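Note that this is a predicted model, so its numbers are computed, not measured.
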Amino acid sequence: MTNKNKTVWSGRIKTPVSKSFQRIGASINVDKRLYEQDIYASKIHTQMLIKKKIIPTKEGQKILKGLDKIKGQIKKGKFIFKEKYEDIHLNIEKKLFEIIGNSAGYMHTARSRNDQVVTDFKLWVKNSSLILIKELNFLMKNIVNKADKNVGTVMPGFTHLKNAQPVSFAHYLLAYYEMLKRDKKRFQTNMELINESPLGAAALSGTSYNIDRNFTSKRLGFKKPTRNSIDTVSDRDFAIDFLYACAVCAMHLSRMAEDFIILNSDAYQLISFNDRMLTGSSIMPQKKNPDPAELIRGRTGINYGKLNSMLTIMKGLPISYFKDLQDDKALVFDGFDTLKDTLTMSNELIKNVNPNKTRMFDMAKTGYTTATDFADYLVRDKKISFREAYNISSKIVNYAEKNKKNLDELTLNEIKKFYKNLNKDVLKIFNVKNSMNSKNSYGGTSERNVKNMLKKYKKELR
Ligand code: ARG
């Protein structure tokens, strides 16, 4: 039967594949990461074959024991993966022959590597999505913790990187909480689509054996079996969905990192990092560089690249299985590893960031950030139209700029040059904290709102 050193197909293909292709075409160094899923799925497949009396119970039992033994060997690092057996599936099958002899030959009844690999891969992506969701939860918690301490910390909110309006540092941080919550949701939603069991599609057409796909589906933790065998072995949507979810999440973290890099720059100095998050320069003794933040930003490129590669591999690929698909795993594994590291770094970064509160407050006052508040005051108090009030306020800004003053440094008499009927109450309007706390609309930056949101978030995270 199957000779130890020969390929499964040596009866048909007489000479071994070229040495160079053996190396290039083997996926074992990548897909050995699927060993647990592969053994698990093979065991459930074998149990089904026994239950349906497709293989003799005695042979099936031997297979189950052999598979456990192999798992133990791999776990202990005692399993030697061989390139000449191409991939994880054939490496395990070969080893099974070594351990239990020809009984191993019963295992591959009513399946193909084509449905086997998608099954393993889907199980892996499901599990890895859960790992990323957990990491996202940590990060969201850390953001909430940092925000909790900074509800009353006023900073300038920017649009176009120009000072726009005063906001709470907590509110700013919690913007990222919302993005990450959507990222989490994306991974969760993907679970729905991934939740169909491929096992039993065999090569592409299904099988003539009386298999029980509901049994294997249920035991593997899927909701139901896939409905079309050809689609089943061709489909890698789930890998694309996963890589897309990774890419979007990386993009959000990249924006946060970029924000921090700017706010930490010598020009802004609005935040600083603890030394744990900084590296020095080999030549400039004074330097403290935010390398982790830069890597978070940079590696987003890797996540985009993996998604792009996967989409391109799929485009124009005829139905159903082709070897092209084998490279899906390296892309998904790399995408996962990269994002996981990025999440770890982001967690560290959030824990080690400190707002420079005085500077934030001072900068929140510069750039006439309460000009809108003054216009709103005129609308509310003097019942004039917003556009008229806006024009009056811009004249005051021009005046303040010319006289090199912040808006809160103007006297009542100076302001009255632009609108007569005012008393000293108006001066409160230019206070940045008052401005922040006046933004009481749902989702706005007032301390009251932010505190309410924090309560919600804490509940959500429990
Ligand atoms: N290692 C292969 C992969 O990852 C398994 C499927 C091989 N199927 C085949 N018909 N060559 O795609």
Novice: Measure the OG-CG distance between S42 and L67 for me, rounded to the nearest 0.5 Å.
Specialist: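 Atom-to-atom, S42:OG and L67:CG are 5.5 Å apart.
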Novice: Just verifying a value: how many Å separate K141 NZ and L139 CG, rounded to the nearest 0.5 Å?
Specialist: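 If I round to the nearest 0.5 Å, the distance is 11.5 Å.
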Novice: Could you check if a side-chain atom of N145 sits within less than 4.5 angstrom of a side-chain atom of D148, using non-hydrogen atoms only?
Specialist: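 Contact flag for N145/D148 side chains = no.
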Novice: Check whether any side-chain heavy atom of N352 lies under 4.5 Å from a side-chain heavy atom of D275, and answer yes or no.
Specialist: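 The answer is no; the side chains never approach within 4.5 Å.
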Novice: Return yes if some donor-acceptor pair links the side-chain N/O of T338 with the main-chain N/O of N303 below 3.5 Å, else return no.
Specialist: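 The answer is no, because no donor-acceptor pair under 3.5 Å joins these two groups.
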Novice: T119 and R111: side-chain donor and acceptor closer than 3.5 Å?
Specialist: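 Side-chain D/A pair, T119 to R111: absent.
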Novice: Test your reading of the model: is there a side-chain donor-acceptor pair from S229 to the backbone of L204, 3.5 Å cut-off?
Specialist: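 Judged by distance alone, yes, a pair lies under 3.5 Å.
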Novice: Output the distance between atom CZ (R359) and atom CD (Q269), rounded to the nearest 0.5 Å.
Specialist: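 Rounded to the nearest 0.5 Å, the CZ-CD separation comes to 5.0 Å.
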Novice: So, do L90 and R113 sit near enough that their side-chain heavy atoms are less than 4.5 Å apart?
Specialist: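 Heavy-atom side-chain distance check passes, below 4.5 Å.
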Novice: Answer yes when K223 and E196 have at least one side-chain N-carboxylate O distance shorter than 4.0 Å, and no when they do not.
Specialist: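 Answer for the salt bridge query: no.
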Novice: State whether the side chain of N163 and the backbone N or O of T366 hold a donor-acceptor pair below 3.5 Å, judged by distance alone.
Specialist: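 Looks like yes, one N/O pair under 3.5 Å.
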Novice: State, with a plain yes or no, whether a side-chain heavy atom of R186 is found less than 4.5 Å away from one of D241.
Specialist: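 No, every pair of side-chain atoms sits at 4.5 Å or beyond.
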Novice: Applying the side chain to side chain contact (heavy atoms under 4.5 Å, CB included) test to S346, which of L339, L253, D341 qualifies?
Specialist: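 With S346 as partner, side chain to side chain contact (heavy atoms under 4.5 Å, CB included) holds for just one option, L253.
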Novice: Please report the C-alpha distance between E83 and R23 in whole Å, then the side-chain angles of each, then the deciding distance to 0.1 Å, and finally whether the salt bridge (charged side-chain N to carboxylate O under 4.0 Å, His left out) criterion is met.
Specialist: CA-CA 7 Å; E83 235 172 35; R23 180 182 63 78; over 6 Å; no
Novice: Can you name the one residue among D334, D38, D337 that meets salt bridge (charged side-chain N to carboxylate O under 4.0 Å, His left out) with R33?
Specialist: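 So, applying the salt bridge (charged side-chain N to carboxylate O under 4.0 Å, His left out) to R33 and each of D334, D38, D337, only D337 qualifies.
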Novice: Between the side chain of T445 and the main-chain N/O of S168, is any donor-acceptor distance below 3.5 Å?
Specialist: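 Yes; judged by distance alone, with no hydrogens or angles, the pair exists.
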Novice: Test salt bridge (charged side-chain N to carboxylate O under 4.0 Å, His left out) on E86 and K323 and set out the steps.
Specialist: CA-CA 12 Å; E86 251 190 69; K323 193 73 165 175; 2.8 Å; yes
Novice: Looking at F238, I'd like to know if the NZ or CZ of K122 sits under 6.0 Å from its six-membered ring centre while staying within 45 degrees of the ring's axis.
Specialist: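 Geometry flag: set, cation within 6.0 Å and 45°.
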Novice: Do I143 and L173 come within less than 4.5 Å of each other through their side chains, counting heavy atoms only?
Specialist: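 Sidechains of L173 and I143: in contact.
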Novice: Name the residue from L343, I133, V248 that meets the side chain to side chain contact (heavy atoms under 4.5 Å, CB included) definition with D183.
Specialist: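 So, applying the side chain to side chain contact (heavy atoms under 4.5 Å, CB included) to D183 and each of L343, I133, V248, only V248 qualifies.
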Novice: Indicate yes or no: does E98 engage K95 in a salt bridge with an N to O separation below 4.0 Å.
Specialist: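 Looking at E98 and K95, the cut-off is met.
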Novice: For the side chain of H45 and the backbone of T109, is there at least one donor-acceptor N/O pair under 3.5 Å apart?
Specialist: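 Between the backbone of T109 and the side chain of H45 there is a qualifying donor-acceptor contact (under 3.5 Å).
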Novice: Using modelled atom types and a 3.5 Å cut-off, is there a donor and acceptor pairing between side-chain atoms of R236 and backbone atoms of L325?
Specialist: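 Not at all, since once roles are kept as given, no pair shorter than 3.5 Å links the two residues.
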Novice: Cation-pi check, K126 to F242: give yes when NZ or CZ is under 6.0 Å from the six-membered ring centre and within 45° of the ring axis, no otherwise.
Specialist: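 No - K126 does not lie over the ring of F242 by the 6.0 Å and 45° rule.
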Novice: Nearest 0.5 Å please: distance from the CD1 atom of I88 over to the CG atom of D120.
Specialist: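 Here the interatomic distance stands at 8.5 Å.
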Novice: Taking the six-membered ring for Trp, are Y35 and Y40 closer than 6.0 Å centroid to centroid?
Specialist: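 No; Y40 has its ring centre 6.0 Å or more from that of Y35.
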Novice: Check the pair F158 / Y268 against ring-ring contact (aromatic ring centres under 6.0 Å, His included), numbers first and verdict last.
Specialist: CA-CA 12 Å; F158 304 98; Y268 279 75; 5.7 Å; yes
Novice: What residue among E59, Q61, K65 forms side-chain hydrogen bond (donor to acceptor under 3.5 Å, both in side chains) with S103?
Specialist: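 So the option named by the test is E59.
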Novice: Check whether the side chains of Y85 and Q22 place a donor and an acceptor atom closer than 3.5 Å, and report yes or no.
Specialist: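 No.
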Novice: Give a yes or no on whether the backbone of S112 and the side-chain of D115 come within a donor-acceptor separation of less than 3.5 Å.
Specialist: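 Confirmed, D115 side chain pairs with S112 backbone.
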Novice: Atom CG in N228, atom CG in D235: separation rounded to 0.5 Å?
Specialist: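 Those atoms lie 10.5 Å apart.
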Novice: Is the backbone of I28 close enough, under 3.5 Å, to the side chain of D87 for a donor and an acceptor to pair up by distance?
Specialist: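 Between the backbone of I28 and the side chain of D87 there is no qualifying donor-acceptor contact (under 3.5 Å).
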Novice: Side chains of D291 and T279: any donor to acceptor distance under 3.5 Å?
Specialist: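 Their side chains do contain a donor-acceptor pair, which is all the 3.5 Å distance test asks for.
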Novice: Under a 3.5 Å threshold, yes or no: a donor from one side chain and an acceptor from the other, between T232 and T226?
Specialist: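 Yes, side-chain donor-acceptor contact under 3.5 Å.
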Novice: Please determine whether side-chain contact (heavy atoms from CB on, under 4.5 Å) holds for the pair D328 and F121, giving the CA-CA distance in whole Å, both sets of side-chain angles, and the decisive distance to 0.1 Å.
Specialist: CA-CA 9 Å; D328 57 1; F121 198 22; 3.3 Å; yes
Novice: State whether the number of non-hydrogen atoms from other residues, nucleotides or ligands found under 6.0 Å of F361 atom CZ is greater than 12.
Specialist: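 Enclosed.
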Novice: Hey, does the side chain of K306 reach the backbone of L243 with a donor-acceptor pair shorter than 3.5 angstrom?
Specialist: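 Pair absent, no side-chain N/O of K306 close to backbone of L243.
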Novice: Please evaluate residues N190 and Y244 with respect to the criterion side chain to side chain donor-acceptor pair (under 3.5 Å), reporting the C-alpha separation (whole Å), side-chain torsions for both, the decisive distance (0.1 Å), and the verdict.
Specialist: CA-CA 10 Å; N190 286 350; Y244 173 70; over 6 Å; no
Novice: For residues Q326 and Y321, is any side-chain donor paired with an opposing acceptor at under 3.5 Å?
Specialist: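 The answer is no; no qualifying pair exists.
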Novice: Answer yes or no: is there a donor N or O on one side and an acceptor on the other, between the side chain of T369 and the main chain of A364, under 3.5 Å?
Specialist: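 Yes.
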Novice: Are there more than 12 heavy atoms of other residues, nucleotides or ligands under 6.0 Å from atom NZ of K52?
Specialist: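 Yes.
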Novice: So do T344 and E135 actually touch side chain to side chain, heavy atoms under 4.5 Å?
Specialist: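 Heavy-atom side-chain distance check passes, below 4.5 Å.
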Novice: Look at the aromatic rings of Y172 and F260 and report parallel, tilted or perpendicular, splitting at 30° and 60°.
Specialist: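 Judged by the thresholds at 30° and 60°, the geometry between Y172 and F260 is tilted.
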Novice: Quick one, N91 and F79 - any side-chain contact, counting heavy atoms below 4.5 Å?
Specialist: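 Sidechains of F79 and N91: in contact.
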Novice: Taking the six-membered ring of F273 as reference, does the cationic atom of K288 (NZ for Lys, CZ for Arg) lie under 6.0 Å from its centre and within 45° of its axis?
Specialist: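 Because its charged atom misses either the 6.0 Å distance or the 45° angle limit, K288 does not stack over F273.
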Novice: Heavy atoms, side chains only, cut-off 4.5 Å: are K329 and L34 in contact?
Specialist: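 K329 vs L34: side chains touch.
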Novice: So, taking the atom named CD in Q47 and the one named CG in D212, what distance separates them when rounded to the nearest 0.5 Å?
Specialist: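 Result: 12.0 Å between the selected atoms.
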Novice: Under a 3.5 Å cutoff, is there a donor and acceptor pairing between the side chains of N137 and K184?
Specialist: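 A pair is found: one side chain offers a donor N or O, the other an acceptor, under 3.5 Å apart.
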